[in-house]
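Below you'll find the structure, written out as structure tokens, and then a few comments.
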Amino acid sequence: MAASPAIQIAPKLLAPAESQVDFGARPPGTRSEPPVANARLALLLFMATETMLFAGLMGIFVVFRVGSRAWPPVGQPYLPIAVTWINTAILMASGWTMWRAAAANRRSAGAHIGTDLSATFALGSLFLAVQGFEWVRLIHHGLTLSSSVYGGTFYILIGLHALHVIGAVGWLAVVMRGVSRGRYAPASSQAVGLCGMYWGYVCALWLVLFWLAYLM
């Protein structure tokens with residue numbers, strides 16, 4: 001007996017249609033990765049948040065600084081300008097060696113990455129050591145967190161930056177360990193680049209703080 005028209009059409013309806021859209025497929029030549037890596041985007045968001053935090057603290061500092069009749073107040077020591085200039089140069093030099101390390105990382109020049117990272121680590125540690133030495137002297141001369149608004153704003157601003165430098169030095173130590181084990185390319189190349197970004201942020205932030213707290 002011959003099949004009815006309905007029975008002949010049914011198999012065509014169950015087969016995939018040629019014009020059916022495949023939502024999981026990408027057209028040829030399209031980008032399969034996000035334009036900004038997730039780790040880099042997270043670091044950028046973190047630095048943006050930190051920038052807003054420091055902007056608020058700087059605003060508070062300026063309000064107290066402008067509204068004060070005498071800065072520093074009577075009986076409070078002046079900040080050490082000369083040695084801080086030298087310390088600023090040390091931190092900027094660390095920024096330069098970090099830039100060299102990041103550039104060598106991009107060129108996959110592994111032989112230079114470890115040397116420049118080690119120099120950055122040494123300079124960053126020296127910056128912290130000099131700053132700590134100067135703080136001890138300032139405390140000895142009566143400038144403490146609770147001695148005055150002058151001391152409180154100084155230690156909050158500069159101390160918070162020092163915590164960031166400590167974090168950057170710790171991060172750098174982790175990256176150096178990875179580099180020493182030969183993991184600088186290609187898997188860990190992003191780690192060197194991200195650490196370089198953060199180190200550059202810390203250096204740039206210090207220039208603003210140095211002008212504001214020491215030179216203004």
Side-chain angles (χ1 to χ4, degrees), residues 37 39-40 42-51 53-55 57-58 61 79-138 154-185 188-216:
R40 182 179 294 268
L43 180 60
L44 289 174
L45 291 176
F46 173 75
M47 291 191 297
T49 304
E50 293 298 292
T51 300
L53 172 63
F54 274 100
L57 294 175
M58 290 177 196
F61 178 86
L79 299 178
I81 302 296
V83 70
T84 307
W85 268 113
I86 298 174
N87 215 20
T88 300
I90 291 173
L91 188 62
M92 294 305 107
S94 74
W96 180 69
T97 55
M98 190 68 219
W99 176 83
R100 281 173 52 92
N105 178 67
R106 289 192 295 271
R107 299 193 311 269
S108 297
H112 301 285
I113 297 176
T115 303
D116 288 326
L117 289 182
S118 299
T120 305
F121 182 85
L123 291 169
S125 300
L126 179 60
F127 170 82
L128 290 174
V130 173
Q131 203 169 60
F133 175 75
E134 288 301 323
W135 287 2
V136 171
R137 291 185 57 191
L138 288 173
F154 169 77
Y155 283 113
I156 289 175
L157 266 180
I158 305 304
L160 189 58
H161 177 267
L163 290 177
H164 282 66
V165 178
I166 292 173
V169 170
W171 187 2
L172 181 58
V174 174
V175 173
M176 288 173 60
R177 184 179 181 184
V179 169
S180 66
R181 296 184 176 185
R183 294 184 297 166
Y184 48 82
S188 64
S189 59
Q190 189 181 37
V192 178
L194 292 176
C195 189
M197 282 180 56
Y198 186 64
W199 199 276
Y201 174 77
V202 169
C203 292
L205 181 61
W206 172 252
L207 290 178
V208 179
L209 294 177
F210 175 53
W211 172 78
L212 189 66
Y214 288 82
L215 305 179
M216 181 177 168

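Along the sequence shown, the residues carry numbers beginning at 1.
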Handout entry: Cys203 to Gly95 - nearest heavy-atom pair and separation
Key = SG-CA, 3.9 Å
Fill in the blank from the handout: Shortest non-hydrogen pair, Gly159 vs Trp135, comes out as CA-CH2, 3.5 Å
Exercise for the section: Could you tell me whether the side chain of Arg100 reaches within less than 4.5 Å of the side chain of Thr115, counting heavy atoms only? Expected result: no
Problem - Check: Leu157 main-chain N/O paired with His161 side-chain donor or acceptor under 3.5 Å - result: no
Problem - Heavy-atom closest pair, residues Arg40 and Leu194 - result: CA-CD2, 3.6 Å
Problem - Leu160: which of Leu209, Leu53, Leu205 passes side-chain contact (heavy atoms from CB on, under 4.5 Å) - result: Leu53
Exercise for the section: Identify the heavy atoms of Val175 and Cys195 that sit nearest to each other, and give their distance. Expected result: CG2-CB, 4.0 Å
Exercise for the section: Measure the CG-CD distance between Asn105 and Gln190 for me, rounded to the nearest 0.5 Å. Expected result: 10.0 Å
Exercise for the section: Identify the two heavy atoms, one from Val192 and one from Ala101, that lie closest to each other, and give their separation to 0.1 Å. Expected result: CG1-O, 4.2 Å
Handout entry: Whether Thr120 side chain and Met98 backbone form a donor-acceptor pair below 3.5 Å
Key = yes
Handout entry: Residue pair Trp171 / Trp199, side-chain heavy-atom distance below 4.5 Å
Key = no
Handout entry: Atom pair CG/CG of Asn87 and Leu123 - distance to nearest 0.5 Å
Key = 10.5 Å
Exercise for the section: Could you label the plane-to-plane angle of the Tyr198 and Phe46 rings as parallel, tilted or perpendicular, counting under 30° as parallel and over 60° as perpendicular? Expected result: tilted
Handout entry: Point-to-point distance, once rounded to the nearest 0.5 Å, from OG of Ser125 to CD1 of Ile166
Key = 10.0 Å
Practice task
For the residue pair Phe210 and Tyr214, categorise the inter-ring angle as parallel (less than 30°), tilted (30 to 60°) or perpendicular (more than 60°).
Solution key: tilted
Problem - Gap between atom CG of Leu138 and atom CZ of Phe133 - 0.5 Å precision - result: 10.5 Å
Completion exercise
Partner of His164 under ring-ring contact (aromatic ring centres under 6.0 Å, His included), picked from Tyr201, Phe127, Phe54, Trp206, is Phe54
